[in-house]
Structures are given as C-alpha cells and as structure tokens.
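Data block below; observations after.
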Number of protein chains: 2
Amino acid sequence: MDKHKRLCEDKAIDPEIIDDLSPEECKNLLAGFSKGLAHPARIEIIRFLANRPEDDRCLCRDIVEILPLAQSSVSQHLSILKETGWIYGEIDGPRVCYCITDGILEFHERLIKKCLA
Amino acid sequence: MDKHKRLCEDKAIDPEIIDDLSPEECKNLLAGFSKGLAHPARIEIIRFLANRPEDDRCLCRDIVEILPLAQSSVSQHLSILKETGWIYGEIDGPRVCYCITDGILEFHERLIKKCLA
DNA sequence: ATCGTCTATCGTGAATGTACGATTAATTGT
DNA sequence: ACAATTAATCGTACATTCACGATAGACGAT
C-alpha cells in the first residue's frame with residue numbers, strides 16, 4: 001500500500017456524540033470550530049484539504065506554497081486548526097502529512113443546527 | 001400595529017449575492033461570520049434571537065439577563081454581532097430592539113458550502 | 001424640571017491572535 | 001559523517017479580544 005495512503009485514514013469524528021452534548025458543551029465546541037474558521041488563511045487550508053483526492057495526501061510544504069504567508073505563520077495556523085479539531089497531521093519521515101478530519105463538515109453543520117435551532 | 005412588531009422587519013440578507021462573490025471575498029466574509037460565532041456568549045445570543053417569536057421582539061435588557069456577564073460586556077458582544085452581520089438593532093425609545101438578520105442562517109450555510117466545497 | 005431606566009462608550013488590564021525571522025530537531029540522501 | 005530538506009518552536013512586536021466598573025446620554029415617567 002502506498003505510504004501516504006496508509007497515513008491519515010483513521011481519524012474521524014462521530015456525529016452521534018452531538019446528541020449527548022449539554023447545551024454548554026455544545027456552545028463551547030461550536031465556538032472552537034468557529035475560531036478555527038475565523039481567518040481567511042485557515043479557511044483556505046480547510047478548503048484545500050477537503051478537496052484533495054484521497055490517494056494524494058497533502059504535505060505541509062504544499063500548504064505553505066498556496067498561502068501568501070511565511071512558513072512559521074502557516075505552521076501557527078495549522079496548529080490552531082489541529083487544536084480546534086478541523087485537521088490532524090501525521091509525521092511521515094521528515095515531512096508532515098495533513099488531512100482534514102473525516103466527517104468534520106457534516107459534524108460542523110449538525111453542530112450549528114443543534115446550537116442555533 | 002404593535003410598536004415592537006413594526007421594528008426590525010426590514011433588514012434581510014440576500015443569499016443570491018453569494019454567487020457573485022470572488023473566492024477572496026467569500027473567505028473574508030465567512031471569516032467574519034465565524035468570528036461572530038467564536039464565543040459561547042455570542043452563540044447564545046444568536047440562539048436566543050433566532051427562536052424569538054416575531055411579535056415579541058427582544059430588548060437588550062433581556063439579553064443581559066440571560067448571560068452571566070456585565071452589561072458592558074454584553075454590549076461589546078452585541079457590537080461584534082452587529083459588525084459581523086448576524087444581528088442588527090433599532091432604537092426604540094430608551095431601549096434598543098435587537099433582531100437576528102433575516103435569512104442569516106441560510107446565508108451562513110450557503111457561504112460555508114461555497115467556501116469549502 | 002427632575003428622577004429613574006436603559007444602553008453605549010470610555011478606560012483599564014490581562015490574555016490571545018497574527019506575523020515575521022531565526023533557530024532547532026528530525027530525517028533523508030550522499 | 002555530512003549536507004540538505006522539512007516543519008515546529010522561539011522570541012519579538014503589534015493589534016485585537018475580553019471582562020469589568022464607571023460614566024454619559026437619551027428617553028419616559030412623575
């Protein structure tokens with residue numbers, strides 16, 4: 001099996017857990033995801049990762065190249081996206097392979113509906 | 001006609017404009033909305049306003065009462081929600097009537113899809 | 001006219017966010 | 001071993017956020 005393909009295949013979020021969240025937890029979780037989305041560069045990163053083909057995983061260097069920011073700044077944004085649950089990264093030799101958390105878009109959509117509706 | 005009912009009925013957002021946005025504008029707009037959602041107190045305010053009956057408009061005082069924050073802090077959060085387009089307020093004598101922007105939830109949902117999909 | 005109510009704004013302080021260059025640590029390749 | 005590559009972390013600087021008490025301004029009621 002391809003090395004990149006083997007990476008980044010086991011992190012997913014279960015939408016079922018939304019039903020068990022207290023209103024307080026729900027708001028805190030959505031606030032966190034929203035913080036992750038609250039910068040154009042981070043939106044671009046998520047968009048980029050969400051549209052990658054599964055068999056061509058993304059390396060950090062690729063993300064640095066599509067953004068008009070210094071490498072260290074991109075690394076900070078990636079760190080925020082990891083903290084807030086949007087993405088995760090796995091070490092692949094000297095590089096880091098970043099992937100979007102599986103099912104996160106549906107999770108986010110459901111979370112908004114639960115919090116606001 | 002009821003005084004409160006007459007207020008807050010003419011501010012709406014047109015989802016059509018999303019189609020005309022450049023990718024850059026799209027990301028900036030979503031980043032702004034996300035910033036608005038990036039605090040539990042502001043999520044609670046939006047939830048509260050989104051579920052108000054139309055004929056019982058919300059006054060600022062009502063919002064202060066449901067949050068565990070000082071009046072001035074709530075006013076700041078309301079200000080951020082106004083800046084980011086989630087809500088608007090109209091002066092009603094000595095009070096201010098706050099309402100959620102009509103159609104904003106659908107707008108937000110569409111904006112996310114356009115930005116990330 | 002004066003008083004009380006309501007809400008925005010001011011001023012403050014602590015914390016966080018954003019961006020950069022420089023450095024470090026890990027790994028690969030020679 | 002050694003050099004090159006990759007990405008995180010450090011240190012810095014500036015701006016913004018968040019929370020509060022205090023104040024000010026607008027309006028209604030008396």
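We name chains A, B, ... by the order of the sequence lines, and we start the count at 1 in each one. Computed over heavy atoms, backbone and side chain alike; hydrogens, waters and symmetry mates excluded.
- Here the side chain of B/Ser34 pairs no donor or acceptor atom with the backbone of A/Lys35 at under 3.5 angstrom.
- In this structure, A/His77 and A/His39 have tilted ring planes: the angle between them lies in the 30° to 60° band.
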One character per nucleotide, please: for nucleotides 12-18 of chain C, 5' to 3', B when the base has a protein heavy atom closer than 4.0 Å, S when only the sugar-phosphate does, - otherwise.
-----SB
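- Side-chain atoms of A/Lys114 come within 3.5 Å of backbone N or O of A/Ile18 as a donor-acceptor pair.
- Between the side chain of B/Thr84 and the main chain of B/Phe33, no donor-acceptor pair closer than 3.5 Å is present.
- Without hydrogens or angle criteria, B/Glu25 side chain to B/Ser22 main chain gives a donor-acceptor distance under 3.5 Å.
- Atom CG in B/Leu59 sits about 12 Å away from atom C1' in C/dT5, given to the nearest Å.
- A/Lys82 places no side-chain N or O within 3.5 Å of a backbone atom of A/Gly89 that could act as its donor or acceptor partner.
- At distances below 3.5 Å, at least one donor-acceptor pair connects side-chain atoms of B/Asn51 with backbone N or O atoms of B/Arg47.
- For A/Ser79 and A/Pro94, each mapped to the nucleotide of DNA chain D holding its nearest heavy atom, the one lying further toward the 5' end belongs to A/Pro94.
- If you take CD1 of B/Ile91 and P of C/dA8, they are 8 Å apart, rounded to a whole angstrom.
- Counting to the nearest Å, the P atom of D/dT6 and the CZ atom of A/Arg61 are 5 Å from each other.
- Regarding contacts with the backbone of D/dA7, every side-chain N or O of A/Arg95 stays at 4.0 angstrom or more from both OP1 and OP2.
- Against DNA chain C, the stretch residues 63-74 of chain B makes heavy-atom approaches under 4.0 Å through B/Gln71, B/Ser72.
- An OP1 or OP2 oxygen of D/dT6 is reached within less than 4.0 angstrom by no side-chain nitrogen or oxygen of A/Tyr98.
- With rounding to whole Å, A/Ile87 atom CD1 is found 13 Å from D/dA7 atom C1'.
- At a threshold of 4.0 Å, the pair B/Glu106-B/Arg110 does not count as salt-bridged, since none of the basic side-chain nitrogens sits closer than that to a carboxylate oxygen.
- Between the CG atom of A/Asp92 and the C1' atom of C/dA26 there is a distance of 13 Å, rounded to whole Å.
- Ion pair B/Glu90/B/Arg95 not flagged as a salt bridge, since none of the NZ, NE, NH1 or NH2 atoms sits closer than 4.0 Å to an Asp/Glu carboxylate oxygen.
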